[in-house]
There are 2 protein chains.
Amino acid sequence: MDAIEILQNHQVKKTSPRLSIIQALQTSQNPLSEGEVKEKMGGLYDRITFYRSVQTLEEAGIIHRIVADNTVVKYALNHCEKGHQHSPDHVHFYCTQCNSLVCLNAVKTQAYELPEGFTSNQCDVVIKGMCNKCNL
Amino acid sequence: MDAIEILQNHQVKKTSPRLSIIQALQTSQNPLSEGEVKEKMGGLYDRITFYRSVQTLEEAGIIHRIVADNTVVKYALNHCEKGHQHSPDHVHFYCTQCNSLVCLNAVKTQAYELPEGFTSNQCDVVIKGMCNKCNL
DNA sequence: TTTCATATGCAACAATGTTGCAAATAAAGT
DNA sequence: ACTTTATTTGCAACATTGTTGCATATGAAA
């Protein structure tokens with residue numbers, strides 16, 4: 001789907017930084033870090049704008065943010081085109097060898113029974129190890 | 001168990017920063033952030049030493065590090081006294097209301113089937129929502 | 001107590017994330 | 001197409017978090 005269309009569908013203003021970020025993510029199979037998005041965006045990149053943009057895009061349900069580790073944050077487009085803000089339903093795999101992060105869209109997060117009084121709205125699962133390429 | 005005994009059991013040198021960190025964690029039911037440990041340690045606290053100490057303690061299997069979010073990292077003592085470095089087998093709950101983190105020791109992380117070629121040695125599960133106190 | 005490898009703690013740096021504010025711009029109305 | 005208005009951008013400045021090098025201090029063993 002076209003980046004402009006995505007923003008329209010989610011009622012978010014069409015601005016060039018937002019379009020650039022979405023397009024950068026669309027060119028990649030895997031989630032991208034800020035640095036990786038920056039590279040793809042070239043000159044027209046501002047750190048502050050980036051942070052505010054990804055926050056907007058996440059709140060709009062267009063992308064999701066994955067914290068692989070405290071120093072490794074990546075972003076990925078949501079697959080569900082229509083879906084509004086809901087946390088990802090799949091687990092993520094982080095390869096500690098090549099530092100790539102993979103959305104395992106086919107592997108759904110399982111339900112966990114919480115103790116009395118606890119309520120949840122999000123469940124983040126990050127599995128760490130070696131990816132298929134590094135295991136060759 | 002005594003902090004000195006813990007260090008001895010894991011073949012780690014007994015130094016005062018390490019003892020202070022362990023003792024700080026022992027006084028708390030829940031995992032603590034760097035700032036929370038610092039408060040409990042008082043004057044004899046150095047940031048660099050803290051970072052290197054928690055790394056040593058984690059590698060020795062004495063504590064584990066929990067990344068609740070990219071800006072929220074906490075530390076907790078391992079329950080298994082004998083256990084050497086193995087990642088926590090339980091899930092963690094992060095209350096987005098009061099920012100407390102809870103080890104749900106009774107809730108074990110479930111196994112996830114990985115795609116061909118992927119191998120894992122750690123699985124981090126962080127459930128986010130409201131804790132029992134904030135839900136009252 | 002002496003020795004030696006390890007750990008501490010300081011300075012300096014690097015990376016990541018936030019806030020305030022003036023200029024720019026998207027979207028809606030004229 | 002032009003004007004208006006609320007939102008967004010992008011700069012400066014700051015705050016927080018994590019790392020590296022190195023001289024001094026210290027734990028553990030001889």
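Below, read A as the first sequence line, B as the second, and so on, with proteins coming before strands; counting in each chain starts at 1.
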Tell me the interatomic distance from [X], atom [atom1], to [N], atom [atom2], rounded to whole angstroms.
X	N	atom1	atom2	value
B:Phe50	D:dT16	CZ	P	16 Å
B:Leu7	C:dA7	CG	P	11 Å
A:Ile21	D:dG10	CD1	C1'	13 Å
A:Asp46	C:dT25	CG	P	14 Å
B:Arg18	C:dT6	CZ	P	11 Å
A:Gln11	C:dA27	CD	C1'	13 Å
B:Glu59	C:dA7	CD	P	10 Å
A:Tyr45	D:dC11	OH	C1'	14 Å

Looking at [X], I'd like to know if its [atom1] atom is crowded, meaning that more than 12 non-hydrogen atoms belonging to other residues, nucleotides or ligands lie closer than 6.0 Å.
X	atom1	result
B:Lys108	NZ	yes
A:Lys38	NZ	no
A:Glu39	CD	no

Euclidean distance, [Y] [atom2] relative to [X] [atom1], rounded to 0.5 Å:
X	Y	atom1	atom2	result
A:Arg18	A:Leu57	CZ	CG	6.5 Å
A:Ile21	A:Ser53	CD1	OG	4.0 Å
B:Met1	B:Ile6	CE	CD1	4.5 Å
B:Asp124	A:Asp69	CG	CG	8.0 Å

* **Donor-acceptor contact present, side-chain A:Asn135 to main-chain B:Gly117, <3.5 Å** => yes
* To do: Estimate the overall bend of the helix from C:dT1-D:dA30 to C:dT30-D:dA1 from the end axes over five pairs each, rounded to 10 degrees.
  => 30°
Detail all sub-3.5 Å separations between protein N/O atoms and N/O atoms belonging to nucleotides 25-28 of chain D.
{"unit_1": "D:dA28", "atom_1": "OP1", "unit_2": "B:Lys14", "atom_2": "N", "d": "3.1"}

* **Hphob cluster co-occupancy, B:Tyr45 + B:Ile63, side-chain heavy atoms under 4.5 angstrom** => yes
Under 3.5 Å, N/O pairs linking protein and nucleotides 15-19 of chain C:
{"unit_1": "C:dG17", "atom_1": "OP1", "unit_2": "B:Asn70", "atom_2": "ND2", "d": "2.8"}
{"unit_1": "C:dG17", "atom_1": "OP2", "unit_2": "A:Tyr51", "atom_2": "OH", "d": "2.6"}
{"unit_1": "C:dG17", "atom_1": "N7", "unit_2": "A:Arg47", "atom_2": "NH2", "d": "2.5"}
{"unit_1": "C:dG17", "atom_1": "O6", "unit_2": "A:Arg47", "atom_2": "NH2", "d": "3.4"}

* Scan A:Leu101, A:Val102, A:Leu32 and name whichever one has a side chain to side chain contact (heavy atoms under 4.5 Å, CB included) with A:Lys74. => A:Leu101
* **Pair B:His79 + B:His64: ring centers closer than 6.0 Å** => no
